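The next block holds one structure in the form of structure tokens; read it before the comments.
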Amino acid sequence: MPMYIDRHDAPGVSPQELADAHVLDVEAQDKHGVRYHTYWFDPENGSVFCLAEGPSRQAVEAVHLEAHGLLASAVLELDANAPLNAFFGSLPTHPVGTAYTEPAMRAIVFTDVCGSVAQTHELGDDGHMKLLGEHNEIVRSALAANGGREVKHTGDGIMAAFTSVVSSVAFAIEVQRQLHARNEQATTPIEVSVGISAGEPVTDDNDDLFGAAVQLAARLCAAAPAGDIAVSVAVRELCIGKPFRFDYRGELELKGLPPTQTYAVTWRD
């Protein structure tokens with residue numbers, strides 16, 4: 001059966017009130033052929049995201065309506081091939097009725113090997129693939145060290161997700177520093193741009209899982225010069241108080257997006 005994730009805006013709700021509402025969902029779900037698997041809850045902004053399996057969007061909504069009347073502001077049917085665990089990591093598995101908090105916001109990161117077309121012409125396919133393999137090894141090692149999860153390989157880079165925005169920035173710095181050290185000893189450099197954004201899984205104006213955050217991170221990566229780490233204003237704000245330095249790069253005109261404030265992470269010593 002299809003999987004759905006919905007969004008509720010519930011400012012002021014307590015973890016116990018939400019846990020009680022989830023109990024009511026579970027009690028009503030069999031009548032509609034639905035199974036509510038879990039939910040995420042961020043008390044700071046009152047956002048709730050429920051993950052359910054059911055025959056239709058209407059059936060999923062009917063459970064909420066019958067159980068407590070708290071309808072979602074948006075419901076997204078997940079692509080059957082959507083890498084859910086790659087975005088979220090392990091899903092919340094608390095016993096039904098247990099009060100807890102578990103924010104659904106994730107940092108989305110793209111890396112991209114710059115000048116790949118010119119490198120292919122210069123080195124040939126085998127030479128370029130060798131360099132790309134070195135990039136992959138460095139990026140995957142840094143993902144493992146910083147709690148990131150590879151979502152997919154994009155051809156000339158990697159898309160990844162992090163539970164922690166701070167860890168995503170630490171990852172990007174580690175990648176650039178490792179590449180810099182490698183390039184000092186290598187005949188052919190590997191120059192990489194990185195883009196990072198942060199967002200929630202469902203927004204009212206996007207019909208893809210983390211669609212808005214994915215789009216912004218990809219655009220930031222494409223706009224970043226070689227060796228740069230470009231981040232959104234949300235990433236910078238979520239790193240306030242951490243030992244990172246950000247340079248304001250002004251508003252960028254990114255394809256398909258309104259003018260966007262951007263920052264670059266200073267990683268060079």
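Please read all numbers here as calculations on a predicted model, not as lab measurements.
- Within the 4.5 Å cutoff, side-chain heavy atoms of Leu220 are placed close to those of Leu254.
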Before you tell me yes or no, could you show the steps for Leu51 and Leu84 under side chain to side chain contact (heavy atoms under 4.5 Å, CB included), namely the whole-Å CA-CA distance, both residues' side-chain angles and the distance that decides it to 0.1 Å?
CA-CA 11 Å; Leu51 180 66; Leu84 192 67; 3.8 Å; yes
For Thr38 and Thr93, what are the C-alpha separation, side-chain angles and deciding distance, and is it a side chain to side chain contact (heavy atoms under 4.5 Å, CB included)?
CA-CA 7 Å; Thr38 191; Thr93 56; over 6 Å; no
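- Between the Thr260 side chain and the Pro258 main chain, a donor and an acceptor come within less than 3.5 Å of each other.
- The distance from the CD atom of Gln176 to the OG atom of Ser193 is 8.0 Å, given to the nearest 0.5 Å.
- Residues Leu70 and Val13 fall into different hydrophobic clusters, defined by Ile, Leu, Val, Met, Phe, Trp and Tyr side chains chained together at heavy-atom separations under 4.5 Å.
- Within the model, atoms CG of Leu252 and OG of Ser232 stand 12.0 Å from one another, a figure rounded to the nearest 0.5 Å.
- Phe171 pairs in a ring pair (Phe, Tyr, Trp, His ring centres under 6.0 Å) with only one of the listed residues (Trp267, Phe162, Phe244), which is Phe162.
- Leu132 has its side chain within reach of His153: a pair of non-hydrogen atoms, C-beta onward, lies under 4.5 Å apart.
- Of the possible polar contacts, one joining the Arg57 side chain to the Val75 backbone as a donor-acceptor pair under 3.5 Å is found.
- With values rounded to the nearest 0.5 angstrom, Met3 atom CE is found 8.5 Å from Arg35 atom CZ.
- A salt bridge links Glu150 to Arg140: at least one charged side-chain nitrogen sits closer than 4.0 Å to a carboxylate oxygen.
- In terms of heavy-atom proximity, Ala172 sits nearest to Val194 at CB-CG1, 4.0 Å.
- Closest approach of Val34 and Gly54 over heavy atoms only: CG2-CA, 4.1 Å.
- When all heavy atoms of Glu191 and Ala226 are compared, the pair lying nearest together is CB-CB, 3.7 Å.
- In terms of hydrophobic clustering, with Ile, Leu, Val, Met, Phe, Trp and Tyr side chains grouped at heavy-atom distances under 4.5 Å, Ile5 and Tyr39 are assigned to different clusters.
- Here the CD1 atom belonging to Ile108 is positioned 13.0 Å from the CD atom belonging to Gln215, to the nearest 0.5 angstrom.
- With sequence neighbours excluded, the residues that form a side chain to side chain donor-acceptor pair (under 3.5 Å) with Thr111 are His135.
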Mind running side chain to side chain contact (heavy atoms under 4.5 Å, CB included) on Leu209 and Asp79 for me, showing each step along the way?
CA-CA 9 Å; Leu209 185 66; Asp79 185 325; over 6 Å; no
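- Two residues are said to be in side-chain contact when any heavy atoms from C-beta on lie closer than 4.5 Å; Ser197 and Val214 fail this criterion.
- The 12-atom threshold is not exceeded at CE of Met129, counting heavy atoms of other residues, nucleotides or ligands nearer than 6.0 Å.
- When all heavy atoms are compared, the tightest approach of Ala230 to Ala224 is CB-CB, 3.9 Å.
- When the shell of 6.0 Å around CD of Glu44 is examined, it contains 12 or fewer heavy atoms from other residues, nucleotides or ligands.
- Between atom CG of residue Leu131 and atom CD1 of residue Ile190 there is a gap of 5.0 Å, rounded to the nearest 0.5 Å.
- In plain terms, the two heavy atoms of Glu77 and Pro2 that are nearest each other are OE2-CB, 3.6 Å.
- Both Phe246 and Ile173 are part of a single hydrophobic cluster, where members link through side-chain heavy atoms under 4.5 Å apart.
- Two residues are said to be in side-chain contact when any heavy atoms from C-beta on lie closer than 4.5 Å; Asn85 and Leu91 meet this criterion.
- Applying the 6.0 Å contact sphere to CD of Gln261 captures more than 12 heavy atoms from other residues, nucleotides or ligands.
- Residues Ala59 and Pro55 approach most closely at CB-CG, 3.8 Å, considering heavy atoms.
- Ring geometry for Trp40 against Phe88 counts as parallel: the plane angle stays under 30°, on a 0 to 90° scale with 60° as the upper cut.
- A 4.5 Å side-chain heavy-atom check between Val169 and Ile229 finds every atom pair outside the cut-off.
- The CD atom of Glu102 sits 8.0 Å away from atom OG1 of Thr163, with the distance rounded to the nearest 0.5 Å.
- Annotation: His22 is not in aromatic contact with Tyr100 [ring centroid separation under 6.0 Å not met].
- Checked options Ser47, Ser73, Cys50; the residue passing with His8 is Cys50 (criterion: side-chain contact (heavy atoms from CB on, under 4.5 Å)).
- Contact check for Val202 versus Asp6: no side-chain heavy atoms found under the 4.5 Å cut-off.
- Between Arg7 and Asp9 there is a salt bridge, since a side-chain N of the basic residue sits under 4.0 Å from a carboxylate O of the acidic one.
- At least one side-chain heavy atom of His68 sits under 4.5 Å from a side-chain heavy atom of Asp25.
- Leu216 and Met105 sit in two unconnected hydrophobic clusters of ILVMFWY residues. Membership requires side-chain heavy atoms under 4.5 Å apart, directly or through other members.
- Side-chain contact check for Arg149 versus Leu143: every heavy-atom pair is 4.5 Å or farther apart.
- By the criterion of side-chain heavy atoms lying less than 4.5 angstrom apart, applied directly or through intervening Ile, Leu, Val, Met, Phe, Trp or Tyr residues, Met1 is not grouped with Leu76; the two fall into different hydrophobic clusters.
- Between the side chains of Asp20 and Gln16, at least one donor N or O sits under 3.5 Å from an acceptor N or O.
- Although no hydrogens or angles enter the test, the distance criterion places no donor-acceptor pair under 3.5 Å between the side chain of Tyr36 and the main chain of Val23.
- In this pair, Phe87 and Phe210 present their aromatic rings parallel. The plane angle is below 30°, not in the 30 to 60° band.
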